Every structure is written in structure tokens, then in C-alpha cells.
Amino acid sequence: MHGSGQDKMIRETEKPRLLVVMGPTAVGKTGTAIALAKLCNGEIVSADSMQVYRHMDIGTAKPTPAEQGLVHHHLIDIVDPDEAFSAASYMERARAAITDLHRQGKGIVVAGGTGLYIRALLGGLFDGPGADEALRRSYAAILEREGKPGLYEILKSKDSRAAAIIHPNDAARTVRALEVLELTGVSIVEQQQDHGFAQRPYSVLKIGLRMERPLLYERIEARTDQMMAQGFLEEVQRLLDMGFSEDLKPMQALGYRQLVRVLRGTLDLEEAVRSIKRETRHYAKRQLTWFGADPEISWFDAGDREEIVRSAGRFLGEKSL
RNA sequence: GGGUCGGUAGCUCAGUCGGUAGAGCAUCGGACUGAAAAUCCGAGUGUCGACAGUUCAAUUCUGUCCUGACCCA
């Protein structure tokens, strides 16, 4: 016989169970996540690299106040656009939120389209140094002066293992590899291989939402038009008025960078909307590639809410067995 | 009605002094460990308007037709 005290102990020591809703942009993750959260008396932990920013609402397709009123959302509106943020900050804060929810006995639904953030949350990141702005500025200067070949030559001479993996044109990864080597003395490749995203702090059901490509693209275009109608351009103007520079990372995001140019008068509005639609399609394609490579994902038709709920119920139900 | 210039990839076009063709964008595929809506890599997907003639061989030359733009009436 099991006493209730023992049950409680088992429950407290077992890993938190997570429903993770993933898929390309505009496939309907928000609605599915809300439905699942209601099912399990849960709350939502967003896994979206843009929705973390305050004041960026329309362009990031953030859940509306009404939607956020239905179910509590975490990891949304947690930093200003001029604050540093990263996959590591995400991991730390999302894990804290999950620990909290688990203690409260709440259900937990992770939902988002940022593959790296989900991977970091579920598997960890190698224990390396964060961004070193001074170092990055100095490499940016080298890049400016000598171009990508010059930067890559430095990597080749200092870390041939990393150079073998990183493409000469990929300046972002070249800089990161140099940064890690300089700050730790150990090749980034070695540290990544040792780590291998091997942490398993959670018990997870990965729910992938799929949709026929033409329909997905239609939804992306319709949603872009809707964003414009809702005042996306005005939102960008507001951000600039608040003093957030167009050089900030989040202001380089899809849509924001085009609309900044419209406001600067260097891009035609119609052209900008076309560009946003096109690049959002490309973005969805990259997400599909990322998630498609994950063999742990169970895929569902985005519209088949019943089947998703049934599978989630089975996964969560095992908890009480 | 006459004339000129066009019709080649989904789009805009280049090209072949006759040996079945290639750029940009679109599209498709891939990578991704502290910027990830970022960054980067790869692939041409084609009745060369139609029919006929010349030719070993025609998308290319010739003719007719269809079609678009412009000019003259």
C-alpha cells in the first residue's frame, strides 16, 4: 500500500512533464497551446526569441491580451528591446518558471518556434562564456577591415577544428568560435562535443504541428496583411520614438527591419510588405528544416485538435499510473 | 490596313555567328550550442510562342500564322 505521503514524494522527485508545442510560424501554435493548457490546468511557457521583448507585439504575433487572459503566459514581455538576451538567458529563465509551476503542481505547456531555445531548454547549452561585447567589437573591426576571409584566416590559425566545421562566410559563428577560444582556451568544438545537448531535466512530449505548405504560405501572407492592418508600421514608429535604435538586434528581425526602412523613406511600403511575406516564408522553411531533423517530435495535423489533446492526455495520464 | 521591336524557367531578362540554354528574384533542400525572426551552405525546376521549309542537326536561319507593346494611317 502506498500512503499519500509517499505518492507526494514520488511526485516531487520525478521530472516535470512538459508538453512542447512546436512548428513553423503561423501554423497555430498559440491556439493549440491554450487548449492544452486548459486541459491540464496548466500555464504556457513561451519559446519565442522575439516575444520576449516588450513593445514588440503586432510584428511578433504575440498572444493577444485576451489570449493571455485565458491562460497565464511566461517568458513573454520580459526584456526591453535594448537589453541583451540570448538562448542562455532564455534557458535560465524558462527553467526557473518551469520549476515554479512544477512546485505548484501546475501543468506545463511550452510553445514556440525558436528551435534553439527549445533545444537549450530541454538539453542545456555547453557551459561556456556569454557574449563579450568588447571582444565582438574588435572582431567586427577586423571583419570591416579585412573582410570575411581575413576573419576566417584567424580562426584557421588559432582553431583548425572549428575552422573545419564553420563555413568561411559564416562570420557570426567564426566570431563566436574565436570568442570562446579566447575566453576559455578550449576549442568551441571540443566543448560542444563534450556537451552534446545531453541534459534531460524534463520528461517531454514534443508535439509538432504540420500543415500543407501552400496553406501555410497563404496563412503567412494573410497574417502579414492583418499585421499591417493592425498597425505594425505604427508599432515600429513607436519603438523608434521611444528611443530604441534601428541598430538593435530585435529591430533587425523580420518585418521590423523592412518597416524601419519604410519610415526612413528608403523602401516603398508595398515593396516592404512583399519582402516581409517572402522572408517569413523563408523563415518558416528554416523552422521546418530545424524541427524536421528532430526524430523525437510526434507530428500532428495542425487542425486536428482532438488527436493532439488525446495524445497529450495519454502522456500526462501516465503520471498517475 | 502598313511598319518597328518583342514572345526563352513561376517573374524580369541574357544568350546561342546552327550542335536542345543561364543570371537575379521566386521555389526547393540543408546546416545550426550564449545574435537564432540571427547567420550560413547547396540545387535550374525549360515543348526557347505555333506550324512548315532549308540542314546531318533549328531555340538560333527563312516563310506563314498566333500574340504583346509602340509608331504610321
Side-chain angles (χ1 to χ4, degrees), chain A residues 24-26 46-53 56 58-62 79 81-94 112-133 135-137 139-140 143 148 151-152 162 165-177 179-180 183-184 186-199 213-214 216-217 220-221 223-224 227 232 247-259 271 274-294:
Chain A
T25 191
S46 165
D48 186 298
S49 66
M50 291 305 298
Q51 294 181 1
V52 297
Y53 295 108
M56 303 178 83
I58 296 169
T60 63
K62 205 173 273 177
V79 289
D82 57 357
E83 287 182 66
F85 198 77
S86 68
S89 337
Y90 173 78
M91 177 177 74
E92 195 177 309
R93 298 180 71 158
T114 305
L116 178 62
Y117 282 17
I118 294 175
R119 183 176 288 174
L121 173 66
L122 304 181
L125 294 169
F126 79 87
D127 188 21
D132 183 317
E133 290 309 327
L135 209 47
R136 288 189 183 190
R137 267 197 301 278
Y139 286 125
L143 183 61
K148 288 176 176 180
L151 188 67
Y152 186 72
I165 290 177
I166 297 167
H167 192 278
N169 286 340
D170 199 342
R173 286 199 174 76
T174 302
V175 167
R176 176 60 182 158
E179 178 181 60
V180 168
L183 297 176
T184 67
V186 181
S187 168
I188 188 172
V189 177
E190 189 176 332
Q191 301 191 57
Q192 288 174 345
Q193 283 178 355
D194 286 348
H195 179 265
F197 298 109
Q199 294 179 0
R213 191 80 61 97
L216 181 66
Y217 285 2
I220 284 171
E221 305 207 346
R223 193 183 66 179
T224 304
M227 284 176 176
F232 191 4
D247 298 326
L248 294 170
K249 274 179 291 183
M251 293 295 268
Q252 305 295 319
L254 235 167
Y256 291 90
R257 65 167 171 266
Q258 286 91 347
L259 294 183
E271 188 72 33
R274 261 200 302 279
S275 163
I276 292 170
K277 289 175 177 175
R278 179 188 346 116
E279 293 194 25
T280 305
R281 289 196 298 271
H282 292 169
Y283 170 52
K285 172 63 187 71
R286 293 196 299 277
Q287 291 176 302
L288 287 169
T289 297
W290 181 287
F291 294 130
D294 183 346

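Every chain is numbered from 1, with letters handed out A, B, ... down the list of sequences. It should be emphasised that the depicted structure is a prediction, and the values quoted were computed from it without experimental measurement. Only this structure's heavy atoms are used, side chains among them; waters, hydrogens and symmetry mates stay out.
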Asker: Taking any heavy-atom pair under 4.0 Å as a contact, classify A:Thr60: base, sugar-phosphate, or nothing.
Answerer: base

Asker: I'd like the C1' distance from B:A9 over to B:A21, given in whole Å.
Answerer: 11 Å

Asker: What distance, rounded to whole Å, do you find between the two P atoms, one in B:C13 and one in B:G49?
Answerer: 15 Å

Asker: Suppose we define a pair by two distances each less than 3.5 Å, Watson-Crick or G-U wobble; what does B:G34 pair with here?
Answerer: none

Asker: Using a 4.0 Å heavy-atom cut-off, does A:Gly123 contact any base of the nucleic acid, only the sugar-phosphate backbone, or nothing at all?
Answerer: nothing

Asker: Could you tell me the Watson-Crick or G-U partner of B:U55, where both distances fall under 3.5 Å? Say none if there is no partner.
Answerer: none

Asker: Hey, are the side chains of A:Arg176 and A:Arg136 touching, using non-hydrogen atoms and a 4.5 Å cut-off?
Answerer: yes

Asker: What distance separates A:Leu121 CG from A:Met91 CE, expressed to the nearest 0.5 Å?
Answerer: 9.0 Å

Asker: Can you work out whether A:Thr289 or A:Met50 has the more 5'-proximal nearest nucleotide on RNA chain B?
Answerer: A:Thr289

Asker: What nucleic acid atoms does A:Phe85 come within less than 4.0 Å of, heavy atoms only: base, sugar-phosphate, or nothing?
Answerer: sugar-phosphate

Asker: Measure all distances between protein nitrogen or oxygen atoms and nitrogen or oxygen atoms of nucleotides 25-27 of chain B, and list the pairs falling under 3.5 Å.
Answerer:
{"unit_1": "B:A26", "atom_1": "OP1", "unit_2": "A:Arg278", "atom_2": "NE", "d": "3.4"}
{"unit_1": "B:A26", "atom_1": "O3'", "unit_2": "A:Arg281", "atom_2": "NH2", "d": "3.3"}
{"unit_1": "B:U27", "atom_1": "OP1", "unit_2": "A:Arg281", "atom_2": "NE", "d": "2.3"}
{"unit_1": "B:U27", "atom_1": "OP1", "unit_2": "A:Arg281", "atom_2": "NH2", "d": "3.0"}
{"unit_1": "B:U27", "atom_1": "OP2", "unit_2": "A:His282", "atom_2": "NE2", "d": "2.6"}

Asker: Checking all strands, does A:Ala120 fall into the base, sugar-phosphate, or nothing category for heavy-atom contacts under 4.0 angstrom?
Answerer: nothing

Asker: Between A:Arg274 and A:Glu279, is there a side-chain N and carboxylate O pair less than 4.0 Å apart?
Answerer: no

Asker: If the P atom of B:U59 is compared with that of B:G19, how far apart are they to the nearest Å?
Answerer: 11 Å

Asker: Counting only side-chain N and O atoms of A:Asn169, is one of them less than 4.0 Å from OP1 or OP2 of B:U39?
Answerer: no

Asker: Checking base pairs now: Watson-Crick or wobble, both atom distances under 3.5 Å. What partners B:G6?
Answerer: B:U67

Asker: Under the side chain to side chain donor-acceptor pair (under 3.5 Å) rule, collect the residues that match up with A:Tyr152, sequence neighbours excluded.
Answerer: none

Asker: Tell me yes or no: between the side chains of A:Arg223 and A:Thr280, is some donor less than 3.5 Å from an acceptor?
Answerer: no

Asker: Applying the side chain to side chain donor-acceptor pair (under 3.5 Å) criterion to A:Tyr283, which one of A:Arg286, A:Gln287, A:Lys285 satisfies it?
Answerer: A:Gln287

Asker: To the nearest Å, how far apart are A:Gln287 CD and B:C40 C1'?
Answerer: 17 Å

Asker: Given that A:Gly128 and A:His167 both sit by RNA chain B, which one's nearest nucleotide is further toward the 5' end?
Answerer: A:Gly128

Asker: Between B:U33 and A:Arg119, counting only base atoms on the nucleotide and side-chain atoms on the residue, is there a donor-acceptor pair under 3.5 Å?
Answerer: no

Asker: With both distances under 3.5 Å as the test, what is the Watson-Crick or G-U wobble partner of B:A43?
Answerer: B:U27

Asker: Rounded to whole angstrom, note down the P distance from B:C71 over to B:A57.
Answerer: 43 Å

Asker: OP1 or OP2 of B:G30 versus the side-chain N and O atoms of A:Lys285: is any pair under 4.0 Å?
Answerer: yes

Asker: For A:Tyr117, which contact category applies under a 4.0 Å heavy-atom criterion: base, sugar-phosphate, or nothing?
Answerer: sugar-phosphate

Asker: Phosphate oxygens OP1/OP2 of B:A35: is one of them under 4.0 Å from a side-chain N or O of A:Arg136?
Answerer: yes

Asker: For B:A36, take OP1 and OP2 only and decide whether either is under 4.0 Å from a side-chain N or O of A:Arg173.
Answerer: no

Asker: Would you indicate, yes or no, if B:C40 has its OP1 or OP2 atom less than 4.0 angstrom from a side-chain nitrogen or oxygen of A:Lys148?
Answerer: yes

Asker: Please give me the minimum heavy-atom distance between A:Asp48 and A:Thr114, naming the atom from each residue.
Answerer: CA-OG1, 3.4 Å

Asker: On a whole-Å scale, what distance lies between the P atoms belonging to B:G15 and B:U8?
Answerer: 14 Å

Asker: Base, sugar-phosphate alone, or nothing: which one does A:Gly255 contact when heavy atoms must sit under 4.0 Å apart?
Answerer: nothing

Asker: Please name the pair of heavy atoms, one in A:Val180 and one in A:Thr184, separated by the smallest distance, quoted to 0.1 Å.
Answerer: O-OG1, 2.7 Å

